[in-house]
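In what follows, a structure is listed as structure tokens, so that the remarks can point back to it.
Chain letters run A, B, ... following the sequence lines, proteins first and then strands; every chain starts at 1.
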Amino acid sequence: MIRSGASRREERALRDIFVHRAPYDPLTIVTPRLNDAPEGRVNPVVSEVHSPEVMTEHLQVLGRSLGADLVVVLPLDDGANRKVQDTFGSDPRPYAHAVVAAVRAHDDIDAAPGLGGQFPLIKAQMLDFVLASYIRELGYRATVHYFSNQVAATTLLGAVSSTSSHALRRLRPYAVVAGILLTDLPLA
Amino acid sequence: MSRTAAPNLGRSVRIVDDVVNVSYSDTPHPKVRRGEMGPAMYNLSMNMPRVDPLVRALAAGGIEERNLYRLALARVPIAETNPAKTPVRDPAAMSRHIKEVALAFGAGAVGIAASHPSFFYAKGARHNDGRVNDQLGEIADSPEELARRFPFIISTPVPLDREMIQAHRHFIGDIAYGLGDVAVTLVRVNLARYIAELGYAAEGGIAIPHAAAIAGGLGELGRNGMVITKKFGAQVLLGDAIATDLPLVADRPIDLGVEDFCKICRKCAVTCPTNSITFGDKVVWNGIEKYKIKWESCYRLRPYVADHWGTCLTCITVCPYSKPNTWWHGLALRVLRTTPIALRPAVVRSLKWLDDTFWGKIPRKRVRWLGYDSGIKPGETACTIPGCNASHGDGPEGEPIQISATHRGGRADVGYYFPLKENTNRFVKKG
């Protein structure tokens, strides 16, 4: 198909709006509202689960099926739990593990306020939401703390575990993380 | 009632008489939720937790609806339309951009249909992700008014995982459907919000997805009542179509040879476990000439098989068009499309013979995914974890439990699918 120069310019301008223009109504981006949405209950019937190694693999495969580029499971010791509590200031109960799901992005989402620029964050939030729902349906606790921006995410994840920071660095040009999923599901 | 000139829907479906627009309240899901499909269906929909935890988390039947992503997304208030409209000098460029955006959100294909009154639900209930939604208010305009207000309807189907849905009538297939459901919701919600951000109206839940997809050139209507698409065959989830007043250029219906193929093939009718797909010719139903499926019997089986699966998918999996998007599949389609219509029956017979020979008359492939295994008959398993019937080496010495393969004639690559067609033939009439 042959396109005129004007047509190509119009498409470029639209692409710029898509990625870089902050929406007129903040509700256009669904992430803040979903961050505040009440979490579902934990299924009172605790399901029998596989070994921690198998469950870790299941979460990773499920995450990839949903579009994650990376799913990392991090063990949380007392120090790491304290750091998480200090950052988010809620739920003093310790959790055994954290799950971090990341999505690759072409643009820095902190500098791309358009819906297209924010979409990796929306997708990453969906991953946290569905993985947490699955764990709750298995009968285990799962709560997601969402980050206010990617700097906060990098800072906390770096403090909790260097493994996650290294893994995230492999996602280029940008790795996007919406939140940290805390759970007592036996994982490895 | 829609009395305007009939729209072009291609060869697979034709509007031949007046169409009485259907209210969303009269479609299957609301009927089930009102108990009009019987207590068993009502209880399955409203009261019965599903066996599998992942199905509960992705689709329905969980501990509560707050765990369902698509319903959480549906509760986020609609964004206000930007009062400063983005000027559209070139609707073709805007169409290309909207398609690019939808693909970036995860759609597998995008079609833009020119509106027609018959593509809209009647006045009354509107839905938001399959639920009658009071928050958005009822559809107040007539279908004619809706077609005037929204000149275009955008369809953004998402492909289902081809490998996973080979395990049709199994939790693996259910999960593939659930994953598709999440993906299609993500596309639709964000695309509608983006159109509003551009300053134009974008309404979901008012247009009939099948009509919009066919008119928008995504595919043709098959004997199984599914839209058979060029790229993914029948293995797509259409999701909700978006009606809009954004200036676009409409696509045209396409000819994939579905009309010629479905006349002869009948694989979906042969394998449908409830005989809900007709073996006969098209009929005129509500002014529309098409193959009429019996959706009531398709639904009514579900409560009785809920321990094994929730979403059948057999007619999607068996369809010869649902094949990997490879050169040989493209070649077969091209041969069919370029053959003169009068000569197509001979080509169809050859292609169907090839399909039966290489892919089997009834797909019963064994699929393993995430610890699930469609090759093991429930009850013959060592694993007691709900939703999982794989063998994980739980023998006395840690070795895998040997599973009897009586249901698959001793073959390791064949799956177990419940119920078998011969079981239901006894009580569901063919037609």
Options B/T81, B/V101, B/T86, ranked by heavy-atom pairs under 4.5 Å with chain A, top entry: B/V101
Can you see which heavy atom on A/S65 is nearest to which on B/L179, and at what distance? CB-CD1, 3.8 Å
Okay, B/P49 and chain A: the region with an atom under 4.5 Å from a heavy atom over there is neither
Say you draw a straight line from CD of B/E100 to CZ of A/R15; how long is it, rounded to the nearest 0.5 Å? 4.0 Å
What are the two closest heavy atoms between B/N67 and A/G40, and how far apart are they? OD1-CA, 3.3 Å
Side chain / backbone / both / neither for B/A183 at chain A, heavy atoms under 4.5 Å: neither
Heavy-atom proximity to chain A below 4.5 Å, by part of B/M94: both
With a 4.5 angstrom heavy-atom cut-off, which part of A/R136 approaches chain B: side chain, backbone, both or neither? side chain
With chain A, which of B/L198, B/D161, B/N190 has the greatest number of heavy-atom pairs at distances under 4.5 Å? B/N190
Provide the closest heavy-atom pair for B/R193 versus A/T28 in the form atom of the first, atom of the second, distance. CD-O, 3.3 Å
Heavy-atom closest pair, residues B/A104 and A/F119: O-CE2, 3.7 Å
Check: B/H97 and A/F18 side chains under 4.5 Å, non-hydrogen atoms: yes
Taking the side chain as every heavy atom from C-beta outward, state whether B/F105 and A/L115 have any pair of such atoms under 4.5 Å apart. yes
Is there side-chain contact between B/W369 and A/L62, with heavy atoms separated by less than 4.5 Å? yes
Please report the shortest heavy-atom distance between A/I17 and B/Y194, naming the atom on each side. CG2-OH, 4.2 Å
For the pair B/R66 (side chain) and A/A37 (backbone), establish whether a donor and an acceptor sit closer than 3.5 Å, ignoring hydrogens and angles. no
Answer whether the closest heavy-atom distance between the side chains of A/S133 and B/Y69 falls below 4.5 Å. no
Atom group of A/A142 that falls short of 4.5 Å from chain B, counting heavy atoms: neither
Given side chains that start at C-beta, do those of A/S7 and B/R96 come closer than 4.5 Å, heavy atoms only? yes
Where do B/P53 and A/E137 come nearest, in terms of heavy atoms and distance? O-CB, 3.7 Å
For A/N43 and B/R56: C-alpha separation, side-chain torsions, deciding distance, then whether side-chain contact (heavy atoms from CB on, under 4.5 Å) applies. CA-CA 10 Å; A/N43 194 327; B/R56 293 198 298 264; 3.4 Å; yes
Measuring heavy-atom distances to chain A, does B/L58 have an atom under 4.5 Å in its side chain, in its backbone, in both, or in neither? side chain
Hey, are the side chains of A/D25 and B/N82 touching, using non-hydrogen atoms and a 4.5 Å cut-off? no
Answer with side chain, backbone, both or neither: which region of A/L131 has an atom nearer than 4.5 Å to a non-hydrogen atom of chain B? neither
Find out whether B/E197 and A/R21 are in side-chain contact, i.e. whether some heavy atom of one side chain is under 4.5 Å from a heavy atom of the other. yes
If you count heavy-atom pairs under 4.5 Å between each of A/E57, A/R33, A/R41, A/E39 and chain B, which one has the most? A/R41
